[in-house]
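Inspection log for the structure reproduced underneath, given as structure tokens.
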Amino acid sequence: MTGSALRVTLADAIVWAVETLRDASETPRLDAEVLLAHTLGWSRARVLSRLEEPFTDESLHQFRTLILRRAAREPVAYLVGRKEFYGLEFVVDRRVLVPRPETETLVDAALEWAKHRPAPLVIADIGTGSGCIAVALAVHLPQAHIYAIDLSRDALAVARQNVIRHHVDASVTLLNGDLLAPLPQPVDLLVSNPPYTVLDEVDPGVRMHEPHLALDGGSDGLAVYRRLFAAAPSALRPGGALMLEIGATQARAVVDLARQAFPEAVIRVRQDLAGRDRVVICFSD
Ligand code: GLN
């Protein structure tokens, strides 16, 4: 006999979850619904149409575990193991930075530039992480060859899954090493979302859970840009371009570094959808 007093519905569980996530998340209701859908293997729409249904003990336990992890500020993307970026679904876990929507601005800039260039282009994505930038470019530029480089072998294992998942393994070459060092040839386009934060200033949830290798830009956030600009001029073919994601307050500093490295280049700053400075672009001669 099951006592009806103990019956927990999906709606009850969501109420509890929203309360539990109140301090940890800016979107407690959305997080609760997404994690509930993940627990049950349902769509969110299906969850919302069956809120009066009861939980099984096992799925209730699983849901509570996920909500408690989220309450400890673990990103939802790690809890469900995937994240959408540029209209594509990427596998993610704690080995890689979670793809951010603002990084789509970098992909937009790269695709616009590539549109006016004769194929086939050779491109390098420095610090590829999950591979989201390299894979998005490969999907939209089937003629291009893309080197996707990362210092972290763990990250490359995740990138490999995403390359295979999106059927771009013929055009993306994954390379292990520091910045541009593993590049076997000069390229037409260098793109990168390098680590650019000052760790102490990063959101605690991000700092606690996401890889510091992907975040830590040194004491002023600019350390990796300096090293990138030292190596970039000799890695670009004539007429090539360099596109770097930046933090919203870094445009002036990164443009200065770009001018020193590429004195003849046309340099532009592009904003993300929130209107914040997000990408520095150098068109070399
Ligand atoms: N945009 C990320 C954040 O603010 C940082 C990403 C990076 O350092 N490349 O958390």
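Every number for a ligand or one of its atoms is a count from 1 in the order of the listing. Along the sequence shown, the residues carry numbers beginning at 1.
Residue nearest to atom 7 (C) of ligand 1, selected from Pro101, Pro194, Gly221, Gly127: Pro194 (by heavy-atom distance).
In terms of heavy-atom proximity, Arg100 sits nearest to Glu210 at NH1-OE1, 3.0 Å. Closest of all the heavy-atom pairs between Leu88 and Ala136 is CD1-CA, 4.0 Å.
Partners of Thr20 according to the side-chain contact (heavy atoms from CB on, under 4.5 Å) rule, which considers only residues two or more places apart in sequence or in another chain, are Trp16, Ile67, Leu68, Ala71.
Distances shorter than 4.0 angstrom occur between a heavy atom of Ala214 and an atom of ligand 1. Using 4.0 Å as the threshold, Val202 has no heavy atom nearer than that to any atom of ligand 1.
Considering backbone and side-chain atoms together, Glu245 places no N or O closer than 3.5 Å to any N or O of ligand 1. Of the N or O atoms in Val206, none lie within a sub-3.5 Å distance of an N or O in ligand 1.
Among protein heavy atoms, the minimum distance from atom 1 (N) of ligand 1 is reached at Tyr196 OH, 3.2 Å. Annotation: atom 3 (C) of ligand 1 to nearest protein heavy atom, Arg100 NH2, 3.7 Å. Looking only at protein heavy atoms, the nearest one to atom 4 (O) of ligand 1 is Thr197 CG2, 4.2 Å.
With salt bridges taken as basic N to acidic carboxylate O contacts below 4.0 Å, one links Glu53 and Arg50. Note on Arg117 versus Glu112: no salt bridge recorded, every NZ/NE/NH1/NH2 to OD/OE distance being 4.0 Å or above. Using a cutoff of 4.0 Å between basic side-chain nitrogens and carboxylate oxygens, Arg165 and Glu89 are scored as salt-bridged.
Residue-level proximity to ligand 1 for Glu210 is absent, since no heavy atom of it falls below 4.0 angstrom.
Annotation for ligand 1: atoms under 4.0 Å from non-hydrogen atoms of Asn193 are 7 (C), 9 (N).
Criterion: ILVMFWY side-chain heavy atoms under 4.5 Å apart, direct or through other members. Under it, Leu121 and Ile126 are not part of a common hydrophobic cluster.
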